[in-house]
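Protein chains get the first letters and strands the later ones, always in sequence-line order, with residue 1 at the start of each.
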Number of protein chains: 2
Amino acid sequence: MANSASGDSVVDRIVRLLSAFPEDVSALQLSELAERSGLPLTTAHRLVRQLAAHGLLDAGPGGLVRPGLRLWELVNRTAPTLALRQAAMPFMEDIQQVLNQNVNLAVLDGWDALFVERLSRLGSVANRARVAGRMPVHTSSAGLALMAHQDRLLQSQYLDQFADPDGKVATDAVRVLLSETFHQGFAQLKGVVDPDTWGIAVPVLDPRQRAVASLGVVVPLREMRLQALVPALQTAARGIARRLNDA
Amino acid sequence: MANSASGDSVVDRIVRLLSAFPEDVSALQLSELAERSGLPLTTAHRLVRQLAAHGLLDAGPGGLVRPGLRLWELVNRTAPTLALRQAAMPFMEDIQQVLNQNVNLAVLDGWDALFVERLSRLGSVANRARVAGRMPVHTSSAGLALMAHQDRLLQSQYLDQFADPDGKVATDAVRVLLSETFHQGFAQLKGVVDPDTWGIAVPVLDPRQRAVASLGVVVPLREMRLQALVPALQTAARGIARRLNDA
DNA sequence: GCACCGCTTCCGTTGAATGGGACGATTCCA
DNA sequence: TGGAATCGTCCCATTCAACGGAAGCGGTGC
């Protein structure tokens, strides 16, 4: 065997290595990392050493490997979500102060809502949306708000993808959800993500009325201020959109 | 010429590619990216294509390259600062609400303070500390707060490094700054970063009294509530430390 | 003391990475 | 309108960096 037995490139290997870190764990044993990433121990060792030399990984004593600070720095300096985050943060903070609940900001990636930012209070209800976490479009208010305001083509691709499990029924259910969300101007899911919580999200629209992001809150089921809540979110979303377009 | 003319590995090349993105620009022309990273156009093209296949970069039409969402996701799922950020955010928000000023959270990396998080108000004073931005230890209150609470060895290494430009004078000045910061329990810099602002930072200490992070604010020079401000920061810092250790 | 386990180093093999060259598309002047 | 410059993309022979099995080394547990 020689250069790459499995036919994948160095880039593939590096990605496998970086992806091998589980979501919650911060440090991994070299041998475990090798196994998780499906790389021979020797190869993993060499790559880790090289990556660590650049600070992309941090190789501690005893083969303990953790993500490196420089990688974080590199990515967060130039992240594609940076402008969005900057535009949104002040508004998110305002929302959070007024409603005193979890606020989150998401973008659409594939058929998932990818959460870009989230503010949560010590006392507020559980919020499954983690930063850099994903939730499928149809199980999150953020996802619905995002998908409801995409162009027809993307929506139908999404719905097609969906038809597999049991034909047309599921597709129609989601279609109705999206349609309602579109006409209401906001998405809501009661007790879907978590039995005791209520997710509400509004789209952040670009000048062509496409959703570039979604702004949402997670509130307890007993929360009754829906009439005040949705307009507040919509106002904030407009503010975010304005700052995005001005910049 | 064949495999690597310049004697650097694929990892080196990838790092050069990723580092080539300027701080503020979100998209780069392929040719410019190649030049910035010092790679032959062909090589840059191939690597970009490979990285884009994994979503680490996003190759738009016409050779427009931007950082990819998946890279951001990957890094922010497993970032070494994740636990710190989670522990600190609620406290940072409280501070911000009460003082209505910029709040920032930094860690020490080399001889720099690396800013991990920052909350800023639309109306508050300018704040040079950007997320994923750096400032040298001796020109930022965050840096001073961090360095003042490190072990002797690291401090003396830092001060040595410093002696180069003009011998002992500069070293002594910084030493005094660090000593003051240590005994006061907080760092302050008036008008150093920005002529009209005042930076104040306190350390977040681990059980061995070492600074793992710093919590700071940037306020206008006229701000007079120092007596209330420092204790508020210190209380928050203790709260963060407690949550870090409990978890 | 021996067996086990995991990190590290060594080194011969070889195919993946390399990058100059060519081509097509687009833009910009003259 | 035609020609030059620019930029992305593709091709492909060359070759050296990546590969990974094997062996070494240090620590831990029985």
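For Ala53(A), there are no side-chain contact (heavy atoms from CB on, under 4.5 Å) partners at least two apart in sequence or on another chain. Here Arg118(B) pairs with Asn104(B), Ser120(B), Asn127(B), Val131(B) under the side-chain contact (heavy atoms from CB on, under 4.5 Å) rule; sequence neighbours left out. Applying the side-chain hydrogen bond (donor to acceptor under 3.5 Å, both in side chains) criterion to Glu93(A), with sequence neighbours excluded, gives Gln96(B). Checked against side-chain contact (heavy atoms from CB on, under 4.5 Å), Leu64(B) has the following partners two or more places apart in sequence or in another chain: Ala27(B), Gln29(B), Arg66(B).
Between its two ends, the helix from dG1(C)-dC30(D) to dA30(C)-dT1(D) turns its axis by 40°, counting five pairs per end and rounding to 10 degrees.
Val103(B) places none of its side-chain heavy atoms less than 4.5 Å from the side chain of Phe91(B). Using a 4.5 Å heavy-atom cutoff, the side chains of Met147(A) and Trp111(A) are in contact. With a 4.5 Å cut-off on side-chain heavy atoms, Leu18(B) and Leu71(B) count as touching.
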What's touching nucleotides 26-30 of chain D from the protein side, N or O pairs under 3.5 Å?
none

Using distance only, find each side-chain donor-acceptor pair of residues 73-82 of chain B under 3.5 Å and give its atom names and separation, not counting sequence neighbours.
| unit_1 | atom_1 | unit_2 | atom_2 | d |
| --- | --- | --- | --- | --- |
| Glu73(B) | OE1 | Arg134(A) | NE | 3.1 |
| Glu73(B) | OE1 | Arg134(A) | NH2 | 2.6 |
| Glu73(B) | OE2 | Arg134(A) | NE | 2.6 |
| Asn76(B) | ND2 | Trp72(B) | O | 2.8 |
| Thr78(B) | OG1 | Leu74(B) | O | 3.2 |

Using atom types as modelled, flag every donor-acceptor pair under 3.5 Å from a side chain in residues 201-208 of chain A to any protein atom, sequence neighbours excluded.
| unit_1 | atom_1 | unit_2 | atom_2 | d |
| --- | --- | --- | --- | --- |
| Asp206(A) | OD1 | Arg208(A) | N | 2.9 |
| Asp206(A) | OD1 | Gln209(A) | N | 3.1 |
| Asp206(A) | OD1 | Arg210(A) | N | 2.9 |

Hey, can you pull the donor-acceptor pairs under 3.5 Å for the side chains in residues 31-42 of chain A, sequence neighbours left out?
| unit_1 | atom_1 | unit_2 | atom_2 | d |
| --- | --- | --- | --- | --- |
| Ser37(A) | OG | Leu33(A) | O | 2.7 |
| Ser37(A) | OG | Ala34(A) | O | 3.2 |

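The backbone N or O of Arg175(A) sits nowhere less than 3.5 Å from a side-chain atom of Ser179(A) that would complete a donor-acceptor pair. Remark: the backbone N or O of Ser9(A) is paired with a side-chain donor or acceptor of Asp12(A) at under 3.5 angstrom. The main-chain N or O of Leu154(A) is found under 3.5 Å from a side-chain atom of Asp151(A) such that the two form a donor-acceptor pair.
Using a 4.0 Å cutoff on non-hydrogen atoms, the parts of residues 29-37 of chain A near DNA chain C are Gln29(A), Leu30(A), Ser31(A), ordered by number. Shown for residues 40-56 of chain A: residues whose heavy atoms fall under 4.0 angstrom of DNA chain C, namely Leu41(A), Thr42(A), His45(A). Within residues 60-68 of chain B, the residues approached by DNA chain D to less than 4.0 Å at the level of any non-hydrogen atom are Gly62(B), Gly63(B), in residue-number order.
Taking all atoms of both residues into account, the shortest heavy-atom contact from Ala213(A) to Leu146(A) is C-CD2, 3.4 Å.
Following rounding to the nearest Å, Leu39(B) (CG) and dT9(D) (C1') show an atom-to-atom distance of 17 Å. Rounded to an integer number of Å, the gap from CD1 of Ile14(A) to P of dA16(C) is 16 Å. In this entry the distance linking CG of Asp8(A) with P of dC19(D) reads 8 Å, nearest Å. Following rounding to the nearest Å, Leu28(B) (CG) and dG8(D) (P) show an atom-to-atom distance of 10 Å.
Atom CZ of residue Arg130(B) and atom CE of residue Met135(B) lie 12.0 Å apart, to the nearest 0.5 angstrom.
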